[in-house]
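Note on naming: letters A, B, ... go to the chains in the order of the sequence lines (proteins, then strands), and numbering restarts at 1 for each one. Bear in mind that the values here come from a model prediction, so they are computed numbers and not experimental data.
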Amino acid sequence: MNRSASVLDPAVRARVTDFLVDYAHAIDDDRLEEWPGFFTDDALYHITTRESAEADLPIGIMHCTGRGMLEDRIKALRTANVFEPHTYCHLLGATRLTDRGDGVLEARTNFTVTRTMQDGGGEAFAIGKYLDEIVVDGDAIAIRSRRVILESRRVDVLLVIPL
Amino acid sequence: MALTSSESCGAESGQGPAGLPFDWPAEGVTRVPFQVFSDPEIYKLEQERIFRGPVWHFLCLELDLKETGDYRTSFIGDTPIIVVRDREGAINGMVNRCAHKGALVCHKERGNAKALSCLYHSWTYDLKGQLMGLAFRDGVRGKGGMPGDFSTKDHRLQPIRTAVFAGMVFGTFSDETPDVETFFGSEMCKILKRNFSKPVKLLGYHSQVIHNNWKLYAENVRDAYHATLLHTFYTTFKINRLDMDGGIRITDAAKPWHHLSFAKRATLEAAEEYKTAEVHSAAYENRLSGPELIEAWEEFDDGITHSIQALFPTLTIQFTLNSLAVRWFTPRGVDKTELFWMYLGYEDDSEAEARMRVMQSNLTGAAGLVSLEDGCINEFVQRGTRGSGQSANAFMEMGGKTVESSEGSRATEVAIRGFWTGYREIMGFA
Ligand code: FES
Ligand SMILES: [Fe+2]
């Protein structure tokens with residue numbers, strides 16, 4: 001199938017891109033409890049590096065299967081993990097959407113996430129791309145699989161807030 | 001061994017050991033002068049005495065070098081290193097510095113090559129590091145070229161000694177370094193062989209930059225005292241608590257530089273101390289919504305379900321539940337360290353076993369539920385000790401003042417004292 005030829009309803013496209021922006025804003029605004037709700041119950045969320053993705057290595061930096069594990073990440077972040085306070089700001093590139101034709105959209109979105117520390121220091125913390133499978137079912141939109149591919153294999157200090 | 005003072009530091013009388021302006025406190029290894037974490041002169045001296053000294057340093061995994069000509073670049077301290085498998089199957093280590101003008105010979109992290117050729121002026125070395133040829137040796141149209149007394153035989157990449165043990169490649173600059181098994185000690189080698197008893201495969205890797213002196217991380221991995229206090233996740237889900245049967249085994253090698261910290265999960269009896277002490281980590285009692293995170297099986301019949309082995313100076317092997325990983329860290333300046341996480345499985349892992357290793361990898365690494373705190377806690381020490389002057393020291397008497405195995409208890413700083421015993425000796429900071 002010639003993917004680029006598939007026609008996507010502009011209304012669906014608009015809703016999906018809004019959805020992806022909402023995801024980023026929920027994280028940036030520290031509404032992390034909303035984060036698992038962007039996924040299906042059985043979703044995959046996997047952060048890895050470009051090198052590891054190209055070598056097809058199963059272990060990356062974070063790996064969650066199912067919404068329960070996503071919730072655990074947020075619970076741990078709020079109550080167990082210790083780290084210096086910081087905030088993210090997601091800068092999303094344009095999303096390339098492809099309709100697979102079976103109710104699943106494939107999406108690729110490049111991103112830069114800046115991290116600002118409490119003392120005012122900030123930097124581009126994570127640069128990479130989201131490779132998504134998005135389920136659109138009537139009014140409902142949810143991520144079935146999000147692979148976060150970081151350009152660099154090196155993480156500065158630690159990664160605790162999801163990307 | 002005889003230690004000579006570094007010229008750059010100048011050994012003047014009336015100063016501390018090696019001419020440095022400080023003295024180690026009389027209390028010995030229960031104290032550590034904060035200065036050692038931030039003094040650039042000490043950093044320089046470490047490069048000479050530890051990194052180019054009589055110590056085996058981790059270079060890479062043997063699985064990086066499967067075929068003839070496979071190479072990978074690494075570091076011993078600041079010094080760039082090439083490790084390569086030659087035609088005879090031997091693994092050779094050499095400084096990654098061209099004998100001509102010092103350029104890196106291999107600029108890629110890994111690759112395969114028939115010969116090692118420097119890009120700058122095409123000096124070409126064989127897989128043992130011997131110079132084979134160079135461009136324009138006889139000049140061009142009879143003019144220029146090397147003088148008549150030039151011989152390729154006189155030039156090579158600086159070799160280092162290498163050794164392969166338990167799937168890992170080690171290197172040392174010193175002829176005085178004893179063989180690997182003597183250096184680490186038979187008990188440490190026994191557990192290394194246990195962990196690498198079958199062919200391993202790489203499941204993933206990444207690195208983490210931490211903004212602290214490398215020795216703070218060396219202390220941190222030897223710090224059994226902090227593990228269940230700082231890393232709340234451990235205690236909550238009963239992965240590793242100090243009230244499990246476990247202990248610290250100091251190596252039986254001649255020098256007490258290495259250790260194994262272990263726990264047996266099946267033996268947990270909740271100790272009163274965890275319930276009554278004001279322990280931040282005991283407060284969190286929620287259950288996991290995704291319990292498959294810590295699904296595990298007993299992989300060995302010795303009952304040990306959690307082990308951290310620290311090998312002097314910068315190598316750690318973890319086997320937490322079923323998550324086998326090599327953690328290797330290397331200094332990137334006096335207050336910066338890069339920590340590499342290499343996750344391994346066995347080639348004969350079943351699908352279910354492989355899946356559990358992937359799940360458990362969430363526990364460690366830069367985003368590890370029980371390790372991410374270490375990314376910042378050592379930096380907090382680095383920042384906290386700024387401006388501390390020359391008389392401020394760390395105080396470490398948990399578990400006593402000595403360096404000996406602590407069977408049955410991990411509420412101790414004994415392994416850290418072991419590290420400093422080695423450090424002082426090798427640095428000449430008696
Ligand atoms: S520096 Fe390597 S050939 Fe000149
Ligand atoms: Fe730790």
Side-chain angles (χ1 to χ4, degrees), chain A residues 36 39 41-53 55-86 117-119 121 123 125-126 148-163, chain B residues 109-110 201-212 229-237 280-281 283-293 323 325 338-345 354-355 357-362 365-380:
Chain A
F39 294 85
D41 282 348
D42 61 347
L44 168 75
Y45 177 78
H46 182 66
I47 303 179
T48 190
T49 68
R50 186 182 184 126
E51 284 174 34
S52 294
D56 214 11
L57 297 174
I59 292 181
I61 295 171
M62 194 187 288
H63 184 92
C64 303
T65 54
R67 200 187 282 155
M69 285 181 76
L70 300 174
E71 286 165 2
D72 288 339
R73 273 280 169 183
I74 301 304
K75 243 191 289 178
L77 177 156
R78 292 288 193 215
T79 59
N81 292 136
V82 181
F83 52 92
E84 195 162 8
H86 57 275
M117 308 304 290
Q118 56 181 2
D119 70 353
E123 69 202 323
F125 171 62
V148 186
I149 318 285
L150 300 177
E151 287 294 304
S152 171
R153 63 109 197 278
R154 199 160 70 188
V155 175
D156 189 68
V157 185
L158 58 82
L159 194 161
V160 64
I161 303 174
L163 293 167
Chain B
E109 276 197 345
R110 64 192 77 224
K201 63 179 174 192
L202 186 66
L203 299 181
Y205 64 94
H206 65 271
S207 80
Q208 186 178 3
V209 169
I210 49 180
H211 298 265
N212 55 262
L229 299 172
L230 177 65
H231 306 305
T232 311
F233 204 86
Y234 262 141
T235 40
T236 309
F237 301 104
H280 159 62
S281 56
Y284 180 62
E285 281 297 347
N286 293 352
R287 296 188 151 233
L288 283 174
S289 302
E292 58 274 32
L293 179 79
S323 184
E338 187 167 2
L339 167 60
F340 291 83
W341 299 85
M342 292 161 254
Y343 292 91
L344 301 173
R355 196 190 61 242
R357 293 197 212 280
V358 171
M359 288 298 183
Q360 292 174 23
S361 71
N362 280 300
L369 289 162
V370 298
S371 71
L372 68 87
E373 289 84 5
D374 293 328
C376 63
I377 202 71
N378 300 293
E379 181 183 340
F380 292 171

When the 4.5 angstrom heavy-atom criterion is applied to S152(A) and chain B, the contacting part is neither
To the nearest 0.5 Å, atom CG of L202(B) lies from atom OG of S52(A) at 7.5 Å
For residues 368-378 of chain B, the salt bridge (Lys or Arg N to Asp or Glu O under 4.0 Å) pairs (sequence neighbours left out) are none
For Y45(A), the ring pair (Phe, Tyr, Trp, His ring centres under 6.0 Å) test, sequence neighbours excluded, returns W35(A), F39(A)
Margin query: If the threshold is 4.0 Å, N to carboxylate O, is there a salt bridge linking R153(A) and E109(B)?
Written below: yes
When the 4.5 angstrom heavy-atom criterion is applied to Y205(B) and chain A, the contacting part is both
Of C376(B), G290(B), G375(B), S289(B), the largest count of non-hydrogen pairs under 4.5 angstrom with chain A goes to S289(B)
Chain B shares the most heavy-atom pairs under 4.5 Å, among P58(A), G60(A), G66(A), C64(A), with P58(A)
